[in-house]
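One structure is given below, encoded as structure tokens.
Along the sequence shown, the residues carry numbers beginning at 1. Just follow the structure's listing: the first ligand is 1, and inside any ligand the first atom is 1.
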Amino acid sequence: MKIDGNTGVLGIIGDPVAHSGSPSLHNFLAEKLGDNLVYVPFPVKPQGLSAAIQGAYRLGIRGMNVTVPHKQTVLEEVTELDDAALTIGAVNTLVRIRGGYKGYNTDYSGFMRQLDHDSVIVYDKPVIVLGAGGAAHAVIYALEKIGASEIYLLNRSRDKAEKDFGKRKNIRILDFEDWEKIPKAKYICIQCTSVGLAPREKECVIRDEGFFELIQTGVDLIYDPRETVFMKKVREHGGQAYNGLRMLMYQAVSAYELFADREVPEEVLEELYEQLDP
Ligand code: NAP
């Protein structure tokens, strides 16, 4: 990687950020595509967010990704907001514009690109969503955009789900224990809780075998481990299951496309995926 007087700086702000895979993904893309860009981690505490964004602008930083714990609070700091990010209520990408940054959410577009890649057809189909946190907000936005017929939303804190989604007529909110109230049919199920994430990879948010009879296609947003208990159970009951690695890759690619104002060609995507999952 050659750094010179014209190198554009990108980065990720969060706390912590040292574990983030984003720098290697974005630097791989910049190098492959011959873009004069470098991407670095910026650890930023909640109380420093506003000053960090103003400082980044003054320093000429071209764009940044935003991760935990700033994805919601950063909405207060942007100069413009993309419609999807506004509806989802979270920003994970900041693109430099005149006077500040425009906030986007590429988790939802990354999720849509993963569904597309894995040929999961959501249009006019009923979907079960497990979890109602930040990732579920992006997933539900995408599912509604691509025409899911109805959504059964199961969350541990039902009040949280009711507060955010209670008024949506195509969304029915249930407790995990009430999964049997879901009408018997075949569903696409998106696992959006953090249950099952390493090092607690033996856990699964629902363990009842009968639940897995309902699932034709399961997508777990978790990618560490590569096969979660949720995915294993979907497969044992004859369904197809995918982890969230493609979503991770595509949300980074969508952000890179905004930063660099170009499309990433298909052959580079496949090379990038191989880097993630050798
Ligand atoms: P979050 O906002 O903290 O939400 C966590 C969700 O998990 C909430 O619904 C929470 O329920 C639920 N949960 C946590 N512990 C639970 C437990 N013991 N039992 C039942 N439910 C529990 O996190 P997030 O940002 O949405 O991320 C969720 C997962 O998605 C993480 O594993 C993350 O790594 C993954 N993710 C993947 C991608 C990707 O690109 N593949 C992108 C974003 C996120 P309550 O509401 O009751 O707390």
What pairs of donor and acceptor atoms, side-chain ones from residues 209-219 against any protein atom, are under 3.5 angstrom apart with sequence neighbours left out?
{"residue": "Glu209", "atom": "OE1", "partner": "His237", "partner atom": "NE2", "Å": "3.2"}
{"residue": "Glu209", "atom": "OE2", "partner": "Lys233", "partner atom": "NZ", "Å": "2.7"}

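- A cation-pi arrangement is absent between Arg156 and Phe176 under the rule of less than 6.0 angstrom and at most 45 degrees off the ring axis.
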Side chains of residues 124-141: which donor-acceptor partners sit under 3.5 Å, not counting sequence neighbours?
{"residue": "Lys125", "atom": "NZ", "partner": "Ile121", "partner atom": "O", "Å": "3.2"}
{"residue": "His137", "atom": "ND1", "partner": "Gly133", "partner atom": "O", "Å": "2.9"}
{"residue": "His137", "atom": "NE2", "partner": "Asp164", "partner atom": "OD2", "Å": "3.0"}

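- Partners of Ser22 under the side chain to side chain contact (heavy atoms under 4.5 Å, CB included) rule, at least two apart in sequence or in another chain, are Ile12, Ser20, His26, Tyr39.
- By the 4.0 Å N-to-carboxylate-O rule, Arg113 lies close enough to Glu257 to be salt-bridged with it.
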Distances for all N or O pairs of ligand 1 and the protein under 3.5 Å?
{"residue": "ligand 1", "atom": "2 (O)", "partner": "Gly134", "partner atom": "N", "Å": "2.9"}
{"residue": "ligand 1", "atom": "7 (O)", "partner": "Ser194", "partner atom": "N", "Å": "3.3"}
{"residue": "ligand 1", "atom": "9 (O)", "partner": "Ala132", "partner atom": "N", "Å": "3.0"}
{"residue": "ligand 1", "atom": "9 (O)", "partner": "Gly133", "partner atom": "N", "Å": "3.4"}
{"residue": "ligand 1", "atom": "9 (O)", "partner": "Asn155", "partner atom": "OD1", "Å": "2.8"}
{"residue": "ligand 1", "atom": "11 (O)", "partner": "Asn155", "partner atom": "OD1", "Å": "3.4"}
{"residue": "ligand 1", "atom": "18 (N)", "partner": "Arg156", "partner atom": "NH1", "Å": "3.4"}
{"residue": "ligand 1", "atom": "26 (O)", "partner": "Gly134", "partner atom": "N", "Å": "3.1"}
{"residue": "ligand 1", "atom": "26 (O)", "partner": "Ala135", "partner atom": "N", "Å": "2.7"}
{"residue": "ligand 1", "atom": "40 (O)", "partner": "Leu248", "partner atom": "N", "Å": "3.2"}
{"residue": "ligand 1", "atom": "41 (N)", "partner": "Leu221", "partner atom": "O", "Å": "2.9"}
{"residue": "ligand 1", "atom": "41 (N)", "partner": "Gly244", "partner atom": "O", "Å": "2.9"}
{"residue": "ligand 1", "atom": "46 (O)", "partner": "Asn155", "partner atom": "ND2", "Å": "2.9"}
{"residue": "ligand 1", "atom": "46 (O)", "partner": "Lys160", "partner atom": "NZ", "Å": "3.0"}
{"residue": "ligand 1", "atom": "47 (O)", "partner": "Arg156", "partner atom": "NE", "Å": "3.0"}
{"residue": "ligand 1", "atom": "47 (O)", "partner": "Ser157", "partner atom": "N", "Å": "3.0"}
{"residue": "ligand 1", "atom": "47 (O)", "partner": "Ser157", "partner atom": "OG", "Å": "2.4"}
{"residue": "ligand 1", "atom": "48 (O)", "partner": "Arg156", "partner atom": "NH2", "Å": "2.9"}
{"residue": "ligand 1", "atom": "48 (O)", "partner": "Lys160", "partner atom": "NZ", "Å": "3.2"}

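- The aromatic rings of Tyr152 and Tyr187 sit perpendicular to each other, their planes meeting at more than 60°, with 30° as the lower class boundary.
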